Amino acid sequence: MDSTRHNGRVALVTGAGSGIGLATAIRLEAEGAVVVGCDVKPDAVATAQANVPSGRFTACDVTDQVAIDALVGQTLDAHGRIDIVGNIAGINDSFLPAHEVDDATWDRVLAVNTTAVMRVCRAVLPGMQARKDGRIINIASIAGLGGGASGLAYTASKHAVVGITRSIAWTYRADGVRCNAICPGGVRTNIVSREDPRSDWGLDRLRKFHNISERMAQPDEIAALVSWLASDEASFVTGAIVTADGGWTAG
């Protein structure tokens, strides 16, 4: 860890109250960034504030365009810039396969995992273009690279995040904006611990793939990668889809 790596930078982190988001907020603060974050749950906001005392955290539903615009606007008013974005908020889909997925699950998963990523990027990009500098890191998943990790909605949502990442990286590369995605395997976060599979059939179809994994990552292992991708050390890295799964998908 480099305590000066992000000195003078302002980082916006979604899903900052737990898991990878909290680990990222803690790490970026420790490495010199001013951290602004959000989470949908007030108790998670309190957890983030307790762990990152110099940061500012608010309750925000990332599926709400008005809330996103307010968060970005308040950050720009307070700090004048947003240098780093960690799009980390995400939910799973109870491993529901195509013939069992309901509209409510589909709509909510796509809203949180995909549309919110687009909306946050859309809100911060003009400022990054104006400064000719910006670093966006989207959390996708190995479910965004194949079909065996999760249910239909989650898989579709994370494939879309990969596409969003590549589109932004290509389109804004001349504007000094870098956009990369991380595809974790299993990580010990609330998205796993609170997940209650609603489809025995769906889970059974995924079990062979799940059993290949050697272990789950700790959130800070992913946060370290977020920090590096946001740093000057990764200045020539954009459009990368970085797998962080302990070799789960290497075979």
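Because the structure is a prediction, the values reported are computed rather than measured.
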Starting from the C-alpha separation in whole Å, work towards a yes-or-no answer on side chain to side chain contact (heavy atoms under 4.5 Å, CB included) for Val120 and Ile136.
CA-CA 10 Å; Val120 172; Ile136 299 170; over 6 Å; no
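- The heavy-atom pair separating Ala234 from Trp228 by the smallest distance is CB-O, 3.4 Å.
- Judged purely by atom type and a 3.5 angstrom limit, Asn51 uses its side chain to pair as donor or acceptor with the backbone of Thr47.
- Through side-chain heavy atoms spaced under 4.5 Å, either directly or across other Ile, Leu, Val, Met, Phe, Trp or Tyr residues, Val66 is tied to no other residue.
- Note on residues 234-251: pairs passing side-chain hydrogen bond (donor to acceptor under 3.5 Å, both in side chains), not counting sequence neighbours, are Asp245-Thr249.
- With a 4.5 Å cut-off between side-chain heavy atoms of Ile, Leu, Val, Met, Phe, Trp and Tyr, the cluster of Trp201 takes in none.
- Taking the charged nitrogens against the carboxylate oxygens, Arg135 and Asp232 do have a contact shorter than 4.0 Å, which makes a salt bridge.
- Taking CZ from Arg122 and OG1 from Thr115, the interatomic distance works out to 9.5 Å, rounded to the nearest 0.5 Å.
- For the residue pair Thr165 and Asn180, no side-chain donor N or O sits within less than 3.5 Å of a side-chain acceptor on the partner.
- The side-chain tip of Arg166 does not point at the ring of Trp170 from less than 6.0 angstrom away and within 45° of straight on.
- Pro219 and Arg188 make their closest contact through CG-O, 3.5 Å (heavy atoms, listed as atom of the first residue, atom of the second, distance).
- Annotation for Ile241: hydrophobic cluster partners, listed by chain and number, are Leu145, Val162 (ILVMFWY side-chain heavy atoms under 4.5 Å, direct or chained).
- Ring centroids of Tyr154 and His159 are separated by 6.0 Å or more, keeping the two rings apart.
- When all heavy atoms are compared, the tightest approach of Ile68 to Ala123 is CG2-CB, 4.4 Å.
- Atom CD of Glu221 sits about 12.0 Å away from atom CD1 of Ile182, to the nearest 0.5 Å.
- Partners of Asp69 according to the side-chain hydrogen bond (donor to acceptor under 3.5 Å, both in side chains) rule, which considers only residues two or more places apart in sequence or in another chain, are Gln65.
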Please table the atom pairs, donor to acceptor, closer than 3.5 Å between any side-chain atom in residues 30-39 and protein atoms at least two apart or in another chain.
{"from": "Glu31", "atom 1": "OE1", "to": "Ser227", "atom 2": "OG", "distance (Å)": "2.3"}
{"from": "Glu31", "atom 1": "OE2", "to": "Asp2", "atom 2": "N", "distance (Å)": "3.2"}
{"from": "Asp39", "atom 1": "OD1", "to": "Lys41", "atom 2": "N", "distance (Å)": "3.2"}
{"from": "Asp39", "atom 1": "OD2", "to": "Gly17", "atom 2": "N", "distance (Å)": "3.0"}

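- Counting only heavy atoms from C-beta outward, the side chains of Arg108 and Ile91 approach each other to under 4.5 Å.
- Ion pairing of Asp133 with Arg9 is absent here, as no side-chain N (NZ or NE/NH1/NH2) approaches a carboxylate O to less than 4.0 Å.
- Classification of Asp83 and Arg81 as a salt-bridged pair holds, one side-chain N sitting under 4.0 Å from a carboxylate O.
- A side-chain donor from one of Thr105 and Arg198 sits under 3.5 Å from a side-chain acceptor of the other.
- To the nearest 0.5 Å, atom CD1 of residue Ile88 and atom CG of residue Asn138 are 9.5 Å apart.
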